[in-house]
2 protein chains.
Amino acid sequence: MGTQSASKPRLRVLLGAAIAMGPGKADLLDAIAKTGSISKAAREMGMSYRRAWLLVDAMNASFKEPLVGAARGGKGGGGARLTAFGAEALSRYRAMEEHASQALAEEMAEFTKMLRDQDARPDA
Amino acid sequence: MGTQSASKPRLRVLLGAAIAMGPGKADLLDAIAKTGSISKAAREMGMSYRRAWLLVDAMNASFKEPLVGAARGGKGGGGARLTAFGAEALSRYRAMEEHASQALAEEMAEFTKMLRDQDARPDA
DNA sequence: TCGCGTTATATCTGCTTGAATACAACCAGG
DNA sequence: CCTGGTTGTATTCAAGCAGATATAACGCGA
(Lines give C-alpha, C1' and ligand atoms only; values in the text may rest on other atoms or scores of the structure.)
Protein backbone atom coordinates (compact mmCIF):
# COMPACT_ATOMS: atom_id res chain seq x y z
CA MET A 1 0.00 0.00 0.00
CA GLY A 2 0.84 3.62 -0.12
CA THR A 3 4.27 4.34 -1.41
CA GLN A 4 6.02 1.43 0.17
CA SER A 5 9.30 1.04 -1.67
CA ALA A 6 9.10 -2.73 -1.66
CA SER A 7 12.26 -3.51 -3.65
CA LYS A 8 12.87 -7.18 -3.11
CA PRO A 9 16.31 -8.39 -2.24
CA ARG A 10 18.26 -9.64 -5.21
CA LEU A 11 21.08 -12.08 -5.36
CA ARG A 12 24.47 -12.08 -6.91
CA VAL A 13 26.55 -15.20 -7.36
CA LEU A 14 30.25 -14.42 -7.16
CA LEU A 15 32.66 -16.89 -8.64
CA GLY A 16 36.02 -15.42 -7.76
CA ALA A 17 36.20 -11.72 -8.14
CA ALA A 18 33.92 -12.04 -11.15
CA ILE A 19 30.15 -12.11 -11.08
CA ALA A 20 29.01 -15.39 -12.59
CA MET A 21 25.34 -14.53 -12.38
CA GLY A 22 23.39 -11.56 -11.11
CA PRO A 23 20.22 -9.57 -11.67
CA GLY A 24 21.49 -7.80 -14.79
CA LYS A 25 22.75 -10.93 -16.47
CA ALA A 26 19.61 -12.85 -15.63
CA ASP A 27 17.47 -10.11 -17.17
CA LEU A 28 19.67 -10.16 -20.24
CA LEU A 29 19.18 -13.89 -20.62
CA ASP A 30 15.44 -13.37 -20.39
CA ALA A 31 15.57 -10.72 -23.09
CA ILE A 32 17.66 -12.92 -25.38
CA ALA A 33 15.24 -15.80 -24.93
CA LYS A 34 12.36 -13.47 -25.70
CA THR A 35 13.81 -11.65 -28.70
CA GLY A 36 16.07 -14.33 -30.17
CA SER A 37 18.89 -11.87 -30.63
CA ILE A 38 21.65 -10.27 -28.60
CA SER A 39 21.29 -6.94 -30.36
CA LYS A 40 17.52 -6.83 -29.96
CA ALA A 41 17.88 -7.73 -26.30
CA ALA A 42 20.47 -4.98 -25.85
CA ARG A 43 18.24 -2.37 -27.48
CA GLU A 44 15.31 -3.47 -25.39
CA MET A 45 17.34 -3.14 -22.21
CA GLY A 46 18.89 0.15 -23.22
CA MET A 47 22.46 -1.05 -23.22
CA SER A 48 25.06 -1.09 -25.96
CA TYR A 49 25.45 -4.20 -28.09
CA ARG A 50 29.07 -4.37 -27.03
CA ARG A 51 28.17 -4.48 -23.36
CA ALA A 52 25.55 -7.15 -23.92
CA TRP A 53 27.98 -9.23 -25.95
CA LEU A 54 30.67 -8.92 -23.27
CA LEU A 55 28.21 -10.09 -20.63
CA VAL A 56 27.20 -13.08 -22.74
CA ASP A 57 30.84 -13.87 -23.39
CA ALA A 58 31.65 -13.68 -19.68
CA MET A 59 28.76 -15.99 -18.83
CA ASN A 60 29.66 -18.51 -21.48
CA ALA A 61 33.20 -18.51 -20.09
CA SER A 62 32.14 -18.79 -16.45
CA PHE A 63 30.00 -21.88 -16.87
CA LYS A 64 30.99 -25.35 -17.92
CA GLU A 65 28.85 -25.05 -21.03
CA PRO A 66 27.69 -21.97 -22.93
CA LEU A 67 24.39 -20.47 -21.79
CA VAL A 68 23.82 -18.69 -25.08
CA GLY A 69 24.25 -20.06 -28.59
CA ALA A 70 24.65 -17.56 -31.41
CA ALA A 71 24.93 -17.76 -35.18
CA ARG A 72 25.73 -15.15 -37.80
CA GLY A 73 24.30 -14.81 -41.24
CA GLY A 74 21.26 -16.62 -42.51
CA LYS A 75 17.63 -15.76 -42.05
CA GLY A 76 17.28 -12.40 -40.37
CA GLY A 77 21.05 -11.98 -40.31
CA GLY A 78 21.56 -14.42 -37.52
CA GLY A 79 20.45 -14.66 -33.93
CA ALA A 80 21.02 -16.03 -30.49
CA ARG A 81 19.06 -18.23 -28.15
CA LEU A 82 19.44 -19.91 -24.80
CA THR A 83 20.89 -23.37 -24.76
CA ALA A 84 19.12 -25.99 -22.68
CA PHE A 85 21.96 -25.59 -20.22
CA GLY A 86 21.42 -21.84 -20.18
CA ALA A 87 17.70 -22.18 -19.61
CA GLU A 88 18.37 -24.46 -16.68
CA ALA A 89 20.94 -22.11 -15.15
CA LEU A 90 18.54 -19.19 -15.45
CA SER A 91 15.70 -21.21 -13.98
CA ARG A 92 17.81 -22.29 -11.03
CA TYR A 93 18.96 -18.73 -10.41
CA ARG A 94 15.41 -17.40 -10.46
CA ALA A 95 14.37 -20.09 -8.03
CA MET A 96 17.18 -19.10 -5.68
CA GLU A 97 16.12 -15.46 -5.89
CA GLU A 98 12.58 -16.42 -5.06
CA HIS A 99 13.54 -18.59 -2.13
CA ALA A 100 15.87 -15.95 -0.73
CA SER A 101 13.08 -13.43 -1.03
CA GLN A 102 10.75 -15.66 0.93
CA ALA A 103 13.29 -16.62 3.55
CA LEU A 104 14.44 -13.06 4.22
CA ALA A 105 11.20 -11.14 3.76
CA GLU A 106 10.58 -10.41 7.42
CA GLU A 107 14.17 -9.65 8.32
CA MET A 108 14.47 -7.46 5.26
CA ALA A 109 11.45 -5.45 6.30
CA GLU A 110 12.94 -4.88 9.73
CA PHE A 111 16.34 -4.02 8.34
CA THR A 112 14.84 -1.58 5.87
CA LYS A 113 13.34 0.36 8.72
CA MET A 114 16.85 1.22 9.82
CA LEU A 115 17.67 2.77 6.46
CA ARG A 116 17.21 6.39 5.65
CA ASP A 117 14.40 7.24 3.27
CA GLN A 118 16.89 7.37 0.43
CA ASP A 119 15.26 10.26 -1.36
CA ALA A 120 15.68 13.77 -0.04
CA ARG A 121 19.42 13.65 -0.25
CA PRO A 122 21.10 16.97 0.56
CA ASP A 123 23.39 17.19 -2.47
CA ALA A 124 25.28 14.02 -3.23
CA MET B 1 37.05 -34.33 -2.02
CA GLY B 2 40.75 -34.19 -2.66
CA THR B 3 41.56 -30.85 -4.24
CA GLN B 4 38.42 -29.09 -3.25
CA SER B 5 38.21 -25.81 -5.13
CA ALA B 6 39.84 -23.09 -3.09
CA SER B 7 37.29 -20.30 -2.87
CA LYS B 8 33.71 -21.38 -2.96
CA PRO B 9 31.26 -19.15 -4.80
CA ARG B 10 29.82 -16.45 -2.59
CA LEU B 11 26.43 -14.87 -2.42
CA ARG B 12 25.61 -11.21 -2.10
CA VAL B 13 22.25 -9.87 -1.04
CA LEU B 14 21.44 -6.55 -2.68
CA LEU B 15 19.12 -4.21 -0.85
CA GLY B 16 18.33 -1.18 -2.95
CA ALA B 17 20.17 0.35 -5.84
CA ALA B 18 23.03 1.41 -3.64
CA ILE B 19 24.60 -1.23 -1.49
CA ALA B 20 23.78 -0.10 2.01
CA MET B 21 25.42 -3.14 3.54
CA GLY B 22 27.47 -5.97 2.12
CA PRO B 23 30.21 -8.42 3.01
CA GLY B 24 32.98 -5.82 2.74
CA LYS B 25 31.23 -3.21 4.84
CA ALA B 26 30.22 -5.76 7.44
CA ASP B 27 33.80 -6.95 7.74
CA LEU B 28 34.93 -3.35 8.10
CA LEU B 29 32.47 -2.78 10.92
CA ASP B 30 33.82 -5.87 12.63
CA ALA B 31 37.37 -4.60 12.29
CA ILE B 32 36.45 -1.18 13.65
CA ALA B 33 34.72 -2.73 16.62
CA LYS B 34 37.77 -4.89 17.24
CA THR B 35 40.49 -2.26 16.80
CA GLY B 36 38.68 0.86 17.94
CA SER B 37 39.97 2.84 14.98
CA ILE B 38 39.18 3.36 11.32
CA SER B 39 42.82 3.55 10.35
CA LYS B 40 43.78 0.42 12.26
CA ALA B 41 40.85 -1.42 10.72
CA ALA B 42 41.90 -0.26 7.26
CA ARG B 43 45.48 -1.41 7.77
CA GLU B 44 44.28 -4.74 9.07
CA MET B 45 42.07 -5.25 6.03
CA GLY B 46 44.70 -4.07 3.60
CA MET B 47 42.73 -1.14 2.29
CA SER B 48 43.55 2.56 2.20
CA TYR B 49 42.33 4.77 5.03
CA ARG B 50 40.53 6.87 2.47
CA ARG B 51 38.55 3.92 1.18
CA ALA B 52 37.64 2.81 4.69
CA TRP B 53 36.57 6.30 5.63
CA LEU B 54 34.42 6.62 2.50
CA LEU B 55 32.71 3.34 3.30
CA VAL B 56 32.01 4.47 6.84
CA ASP B 57 30.74 7.81 5.57
CA ALA B 58 28.46 6.07 3.07
CA MET B 59 27.06 3.80 5.76
CA ASN B 60 26.47 6.63 8.18
CA ALA B 61 24.63 8.48 5.42
CA SER B 62 22.57 5.48 4.32
CA PHE B 63 21.10 4.71 7.71
CA LYS B 64 18.81 6.75 9.84
CA GLU B 65 21.48 6.97 12.54
CA PRO B 66 25.25 6.67 12.25
CA LEU B 67 26.68 3.17 12.63
CA VAL B 68 30.13 4.44 13.56
CA GLY B 69 31.02 7.17 15.97
CA ALA B 70 34.46 8.77 15.64
CA ALA B 71 36.45 11.34 17.55
CA ARG B 72 39.71 13.08 16.80
CA GLY B 73 42.38 14.12 19.18
CA GLY B 74 42.75 12.93 22.70
CA LYS B 75 44.19 9.74 24.03
CA GLY B 76 45.79 7.77 21.25
CA GLY B 77 44.94 10.52 18.80
CA GLY B 78 41.30 9.62 18.64
CA GLY B 79 39.36 6.60 17.54
CA ALA B 80 36.12 5.13 16.32
CA ARG B 81 33.64 2.61 17.60
CA LEU B 82 30.29 1.14 16.70
CA THR B 83 27.22 2.88 18.00
CA ALA B 84 24.50 0.74 19.57
CA PHE B 85 22.56 1.33 16.39
CA GLY B 86 25.53 0.17 14.34
CA ALA B 87 25.99 -2.96 16.40
CA GLU B 88 22.35 -3.83 15.88
CA ALA B 89 22.52 -3.25 12.15
CA LEU B 90 25.58 -5.45 11.89
CA SER B 91 23.98 -8.15 13.97
CA ARG B 92 20.85 -8.16 11.85
CA TYR B 93 22.88 -8.31 8.66
CA ARG B 94 24.91 -11.26 9.92
CA ALA B 95 21.71 -13.04 10.83
CA MET B 96 20.35 -12.47 7.35
CA GLU B 97 23.57 -13.79 5.84
CA GLU B 98 23.32 -16.88 7.95
CA HIS B 99 19.70 -17.52 7.14
CA ALA B 100 20.25 -16.99 3.43
CA SER B 101 23.18 -19.35 3.56
CA GLN B 102 21.07 -22.02 5.22
CA ALA B 103 18.06 -21.55 2.98
CA LEU B 104 20.06 -21.68 -0.23
CA ALA B 105 22.75 -24.16 0.67
CA GLU B 106 21.42 -27.05 -1.40
CA GLU B 107 20.46 -24.97 -4.42
CA MET B 108 23.79 -23.20 -4.26
CA ALA B 109 25.64 -26.51 -4.30
CA GLU B 110 23.70 -27.62 -7.35
CA PHE B 111 24.25 -24.31 -9.10
CA THR B 112 27.96 -24.45 -8.37
CA LYS B 113 28.21 -27.70 -10.27
CA MET B 114 27.27 -25.78 -13.40
CA LEU B 115 30.17 -23.35 -12.97
CA ARG B 116 33.56 -23.80 -14.48
CA ASP B 117 36.47 -24.54 -12.17
CA GLN B 118 37.54 -20.88 -12.24
CA ASP B 119 41.26 -21.57 -12.16
CA ALA B 120 43.11 -22.55 -15.30
CA ARG B 121 42.09 -19.43 -17.10
CA PRO B 122 43.81 -19.01 -20.48
CA ASP B 123 44.97 -15.42 -20.16
CA ALA B 124 42.27 -13.03 -19.03
C1' DT C 1 53.55 24.16 25.09
C1' DC C 2 54.69 20.66 22.09
C1' DG C 3 54.24 16.02 20.13
C1' DC C 4 51.55 12.20 18.79
C1' DG C 5 48.18 9.40 16.37
C1' DT C 6 43.85 9.77 14.48
C1' DT C 7 40.00 11.82 11.98
C1' DA C 8 38.66 14.43 8.03
C1' DT C 9 39.46 16.63 3.62
C1' DA C 10 41.57 18.05 -0.80
C1' DT C 11 44.22 17.13 -4.83
C1' DC C 12 46.40 14.51 -8.32
C1' DT C 13 47.10 10.49 -11.14
C1' DG C 14 46.76 5.97 -13.17
C1' DC C 15 43.43 2.38 -14.11
C1' DT C 16 39.17 0.54 -15.25
C1' DT C 17 34.68 0.95 -17.37
C1' DG C 18 31.55 2.03 -20.72
C1' DA C 19 29.78 4.34 -24.83
C1' DA C 20 30.42 5.30 -29.54
C1' DT C 21 31.95 4.12 -33.83
C1' DA C 22 33.56 1.49 -37.51
C1' DC C 23 34.11 -2.63 -39.92
C1' DA C 24 34.89 -7.62 -41.30
C1' DA C 25 32.56 -12.26 -41.44
C1' DC C 26 28.64 -14.64 -42.19
C1' DC C 27 24.63 -16.83 -44.69
C1' DA C 28 19.52 -17.42 -46.07
C1' DG C 29 16.70 -15.35 -49.47
C1' DG C 30 15.46 -12.58 -53.37
C1' DC D 1 25.28 -12.23 -57.09
C1' DC D 2 23.83 -9.02 -53.92
C1' DT D 3 21.25 -7.32 -49.98
C1' DG D 4 20.05 -7.36 -45.10
C1' DG D 5 20.56 -7.80 -40.30
C1' DT D 6 23.29 -9.97 -36.97
C1' DT D 7 27.52 -11.63 -34.70
C1' DG D 8 32.14 -10.63 -33.44
C1' DT D 9 36.26 -7.55 -33.04
C1' DA D 10 39.15 -3.37 -32.90
C1' DT D 11 39.80 1.39 -31.82
C1' DT D 12 39.05 5.71 -29.65
C1' DC D 13 37.43 8.76 -26.12
C1' DA D 14 35.10 10.40 -21.93
C1' DA D 15 33.85 9.53 -17.19
C1' DG D 16 34.16 7.33 -12.82
C1' DC D 17 36.87 4.84 -9.44
C1' DA D 18 40.74 3.74 -6.47
C1' DG D 19 45.24 4.61 -4.74
C1' DA D 20 48.77 7.70 -3.16
C1' DT D 21 49.98 11.83 -1.09
C1' DA D 22 49.65 15.97 1.63
C1' DT D 23 47.70 18.61 5.16
C1' DA D 24 44.57 20.75 8.61
C1' DA D 25 41.93 20.04 12.98
C1' DC D 26 41.82 17.98 17.19
C1' DG D 27 42.69 16.96 22.17
C1' DC D 28 45.10 14.25 25.62
C1' DG D 29 49.52 13.49 27.82
C1' DA D 30 54.27 14.38 28.66
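Reminder, nothing fancy here: chain letters follow the sequence lines and each chain counts from 1. Note that the structure is predicted; figures quoted are calculated from it, not measured. In what follows, every heavy atom counts, from backbone to side chain, and hydrogens, waters and symmetry copies are set aside.
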*Measure from the side-chain heavy atoms of B:Tyr49 and tell me the nearest of D:dG8, C:dA20, C:dA8.*
C:dA8

*Relative to the 5' end of DNA chain C, which residue comes earlier, A:Lys75 or A:Ser48, by the nucleotide with the nearest heavy atom?*
A:Ser48

*Using a strict 4.0 Å threshold on nitrogen-to-oxygen distance, state whether A:Arg94 and A:Asp27 make a salt bridge.*
yes

*Any idea which of D:dT11, C:dA24, C:dT6 is nearest the A:Arg50 side chain?*
D:dT11

_Taking 4.0 Å as the cut-off, does a side-chain nitrogen or oxygen of A:Ser37 come that near to OP1 or OP2 on D:dG5?_
no

*asked:* At less than 4.0 Å, is any side-chain N or O atom of A:Arg72 found next to OP1 or OP2 of D:dG4? Yes or no.
replied: no

*What is the distance, rounded to the nearest whole Å, between atom CG of A:Leu55 and atom C1' of C:dG18?*
11 Å

*Please work out if A:Ile38 contacts a base, only the sugar-phosphate, or nothing of the nucleic acid, heavy-atom cut-off 4.0 Å.*
sugar-phosphate

*Rounded to the nearest Å, what distance is computed from the CH2 atom of residue A:Trp53 to the C1' atom of nucleotide C:dG18?*
15 Å

*With the threshold set at 4.0 Å, does a side-chain nitrogen-carboxylate oxygen contact exist between A:Arg92 and A:Glu88?*
yes

*By nearest nucleotide on DNA chain D, pick out whichever of B:Gly73 and A:Gly76 is the more 5' one.*
A:Gly76

*Separation of atom CZ in A:Arg43 from atom P in C:dA20, rounded to whole Å*: 14 Å

*In terms of side-chain heavy atoms of A:Arg51, which of C:dA8, C:dA19, D:dT6 is nearest?*
C:dA19

*If you look at every heavy atom in A:Tyr49 and A:Ala42, which pair is closest and at what distance?*
CA-CB, 4.0 Å

*So, for B:Met21 and A:Phe111, which heavy atoms are closest and what is the spacing to 0.1 Å?*
CB-CZ, 4.1 Å

*asked:* How about NZ on A:Lys75, more than 12 heavy atoms from neighbouring residues, nucleotides or ligands closer than 6.0 Å, or not?
replied: no

*Taking OP1 and OP2 of C:dG5, is either one under 4.0 Å from a side-chain nitrogen or oxygen of B:Ser39?*
no

*A:Lys40 or A:Asp57, whichever maps to the more 5' nucleotide of DNA chain D*: A:Lys40

_Euclidean distance, atom CE of residue B:Met45 to atom P of D:dG19 [Å, nearest integer]_ = 12 Å

